[in-house]
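Each chain gets a letter, A, B and so on, in the order the sequences are listed, and its residues count up from 1. Bear in mind that the values here come from a model prediction, so they are computed numbers and not experimental data.
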Protein chains: 2
Amino acid sequence: MGKLGYYMEQKVTIKDVAELAGVSKSTVSRYLNNGYISVEKQVRVRKAIEETGFQSNFFAKRLKTRESKLIGIVLPRMDSVTVGKLLAGITRVLEPEGYQSILLVSQLSGEKELENMQKLQQQGVDAILVDSVGITPEHVRRAKEWSLPILYTGQQQAEVHCLKIDDAAAGHRMGVYLRQMGHKHAVFAGVTESDEAVGIERKAGFVAGFCEGRTDAQVDFVETGFDFLSAYNQAEEIRKLAPSVVVGATDNISLGILRYFHERGVHVPEDISVVGFGGYDVGAVVYPALTTVAFDYELMGMKAASYILNLLRGKGREETNLDMPLFFVERESVRDLNAAVDEPSLNAMPGMA
Amino acid sequence: MGKLGYYMEQKVTIKDVAELAGVSKSTVSRYLNNGYISVEKQVRVRKAIEETGFQSNFFAKRLKTRESKLIGIVLPRMDSVTVGKLLAGITRVLEPEGYQSILLVSQLSGEKELENMQKLQQQGVDAILVDSVGITPEHVRRAKEWSLPILYTGQQQAEVHCLKIDDAAAGHRMGVYLRQMGHKHAVFAGVTESDEAVGIERKAGFVAGFCEGRTDAQVDFVETGFDFLSAYNQAEEIRKLAPSVVVGATDNISLGILRYFHERGVHVPEDISVVGFGGYDVGAVVYPALTTVAFDYELMGMKAASYILNLLRGKGREETNLDMPLFFVERESVRDLNAAVDEPSLNAMPGMA
DNA sequence: CTGTTAGCGCATTCAG
DNA sequence: CTGAATGCGCTAACAG
């Protein structure tokens, strides 16, 4: 590896090709784009391109066409399963359309998020997709001022383009289920209300579903972070409340709590039930396997990308199907209080097959 | 949202600013770059920029400077924790240097990997980082032909720039540990040998460490995929071999096996020990918490990025510190066969605090 | 310190 | 169908 430095330029331009093929630059350009060329010259140009190994200069091209074929993506963080799936989905639809994504990470900071959007916009991306931690008035202002499509995911706001799972419905679904299983007292282990989607909507949906049509239901709240450890640290407080079921706002929260219960000899679901939201794969390998409402983040990525593409083509929100399905995944972590005796079935890897 | 289509151009150019400020274009350009300007004009230009909301055109600038400040990153897949951490690390060092990353995913296909590298190169990125699934002769050829730095991670190959964890050392470390814990018969649940790093080196290292200096050691192999389920499906076969310890080539493999054992009433570590590699967070919340050799993927990302930066600046391999530390994380899943009675300690969230 | 002059590589008029 | 000419917006000599 004696090579030192990489200052070599791309040297072969459209001009070189033209000369070698004995045609004009414009003819080569036409060959590369539309194709108004005689078959004969077509052949010559093709040959010249092969011989020279010509590759058109990205920047010169973009400077002319005013189209970068680049989509900017702003993410709150990288090291999370959901973000990974989301990106996988986005890529899956963007790539066949000839778009590529350029990624910026905001480390859960709203300010950084704005900064990143600014950067992307300067870079000349064709559109921006933001998996936001919270849509502020400033976000709205930019979406309106800038002349490029901006789509937010993860949060909702009426004045901008956005796409998110129905957290209220997810919470509601879980609430109804637990009510039907005969539970009357739940602790909702939630996150900060500054996260409107998870901290407020999901919780409110749960409470509604759980309490619907009865007056003897009780829901207590305990706030925790998004990670295992902070949930684990709140578990004692939760236990003191002595509910029949603990509802973690995310699967990770539930996993931390499960671990704590295990250490204290509290049996799940015999002594207490635990559920989560998200449908992460690991929820299926822990024991008991976690009952949860699963979201399809990859599908969300695909929809987000389609939405962006539509926006780019001058179509509006109406023309994209924005429904995000939910999947209720019943596994082993909930006890049916209606039954006299509880015999949780140990299916082989429930929810994984 | 009545807006339809986004065809507006960026209209204010350096020329407009120059006219408004009553200076020449070059003066504005200087203001933007070096800064050989009188204070007086500096003020006028600044004002003009603010008033017009001028933003320099990325493509025009790059066309001149021949520098994109873009690093291409080719990933095998997105939905994995390790990739997330790697990216986090890369971003952390690239961003302060004014670089941004553009991401392409190969879906575990070597061919796609090559294709993606090609695309990035055409885009005019300044360098390419490939988290490769296998370095082929074609990879080597490109690294040499193209006049831009290419760095491979995850795999090793003498003729190209690369950076990876020391899989052999990791395996060895685990082997030694289990030997010292009195284990004589292990099953290594590994992956395909086409993955040289994990499938071959890690395994060989383990065998070496485990068998070192004795003749009464036995290691059997069982092949599995990288995911929970495929490991789970091989667990019965592993169990039939009746080892005292199962070594999963990755934590996920071990987690799948743990689940199976749980279902069958096989107690870990009392009846059998289980260990993994990777140090994923979830290893700490399952029970028993998984003993493992942890890798710092974020650090790896940071090192990779630094390496790339050095390459860009004409420095070679020598000038980057490539040592990747390993962390042995002793938790609860291994029984000490030297002790008469085994009393695994249940620390609070071992390895998480 | 500053304005003038040239292109960077390509796509696109406009006449042929 | 094709070539010559023009300029995208910016930076970098070059003379002042």
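- Distances shown here put every side-chain N or O of A:Asn57 at or beyond 4.0 Å from the OP1 or OP2 atom of C:dC10.
- Sorted by first and then second residue, the salt bridge (Lys or Arg N to Asp or Glu O under 4.0 Å) pairs involving residues 86-103 of chain A (not counting sequence neighbours) are A:Arg92-A:Glu298, A:Glu95-B:Lys112, A:Glu97-A:Arg313.
- In this entry the distance linking CD of B:Gln122 with P of C:dG9 reads 16 Å, nearest Å.
- Between A:Phe59 atom CZ and D:dG7 atom P the separation is 25 Å, expressed in whole Å.
- Taking atom CD1 of B:Ile14 as the reference point, atom C1' of D:dC8 lies 13 Å away to the nearest angstrom.
- B:Glu19 places its CD atom 14 Å from the C1' atom of D:dG9, with the value rounded to the nearest Å.
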Between the protein and nucleotides 4-6 of chain C, list every N/O to N/O distance that falls short of 3.5 Å.
from	atom 1	to	atom 2	distance (Å)
C:dT4	O4	B:Ser26	OG	3.0

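- Side-chain N or O atoms of B:Ser29 include none that pairs as donor or acceptor with a backbone N or O of B:Lys25 at under 3.5 Å.
- Residues passing the ring-ring contact (aromatic ring centres under 6.0 Å, His included) test with A:Phe59, sequence neighbours excluded: none.
- One can place CG of A:Leu63 at 12 Å from P of C:dT12, the figure rounded to the nearest angstrom.
- Within the 4.5 Å cutoff, the side chain of A:Leu75 has heavy atoms near those of the A:Leu103 side chain.
- At C:dG9, none of the side-chain N or O atoms of A:Arg62 fall inside 4.0 Å of OP1 or OP2 (strictly under the cut-off).
- Take the nearest nucleotide of DNA chain C for B:Ala60 and for B:Glu40: the residue whose nucleotide is more 5' is B:Glu40.
- Two end axes, each from the C1' atoms of five base pairs, can be drawn for the helix from C:dC1-D:dG16 to C:dG16-D:dC1; they diverge by 40°, to 10 degrees.
- Heavy atoms of A:Val23 sit under 4.0 angstrom from primed sugar atoms or phosphate atoms, though from no base atom.
- Minimum atom distance to the side chain of A:Lys61 is reached by C:dA11, of the listed D:dT11, C:dA11, D:dG3.
- Listed nucleotides D:dT11, C:dA11, C:dT2 differ in distance to B:Thr65; the shortest reach to its side chain belongs to D:dT11.
- Between the A:Lys164 side chain and the A:Tyr152 main chain, no donor and acceptor come within less than 3.5 Å of each other.
- If you take CG of A:Leu32 and C1' of C:dC10, they are 9 Å apart, rounded to a whole angstrom.
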Quick one: side chains of residues 133-141 of chain A, donor-acceptor pairs under 3.5 Å with protein atoms, not counting sequence neighbours, listed by atom name and distance.
from	atom 1	to	atom 2	distance (Å)
A:Thr136	OG1	A:Glu138	N	3.3
A:Thr136	OG1	A:His139	N	3.3
A:Thr136	OG1	A:His139	ND1	2.7
A:Glu138	OE1	A:Arg141	NE	3.2
A:Glu138	OE2	A:Arg141	NH2	2.9
A:Glu138	OE2	A:Arg142	NE	2.9
A:Glu138	OE2	A:Arg142	NH2	3.1
A:His139	ND1	A:Thr136	N	3.1
A:His139	NE2	A:Glu113	OE2	2.9
A:Arg141	NH1	A:Glu145	OE1	3.2
A:Arg141	NH1	A:Glu145	OE2	2.6

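- A salt bridge links B:Glu40 to B:Arg44: at least one charged side-chain nitrogen sits closer than 4.0 Å to a carboxylate oxygen.
- A side-chain contact (heavy atoms from CB on, under 4.5 Å) with A:Val28 is found for exactly one of A:Leu20, A:Asp16, A:Val17, namely A:Val17.
- Remark: the backbone N or O of A:Gly124 is paired with a side-chain donor or acceptor of A:Ser68 at under 3.5 angstrom.
- Taking atom CD1 of residue A:Ile49 and atom C1' of nucleotide C:dC10, one finds them 13 Å apart after rounding to whole Å.
- Picking from C:dG3, D:dC8, C:dA11 the nucleotide with the shortest atom distance to the side chain of B:Lys41 gives C:dG3.
- Here A:Ser38 reaches the OP1 or OP2 of D:dT2: one of its side-chain N or O atoms lies under 4.0 Å away.
- The distance between atom CZ of B:Arg66 and atom P of D:dC10, rounded to the nearest whole Å, is 17 Å.
- A:Ala127 pairs by the side-chain contact (heavy atoms from CB on, under 4.5 Å) definition with A:Ile71, A:Pro149, A:Ile308, A:Leu312, not counting sequence neighbours.
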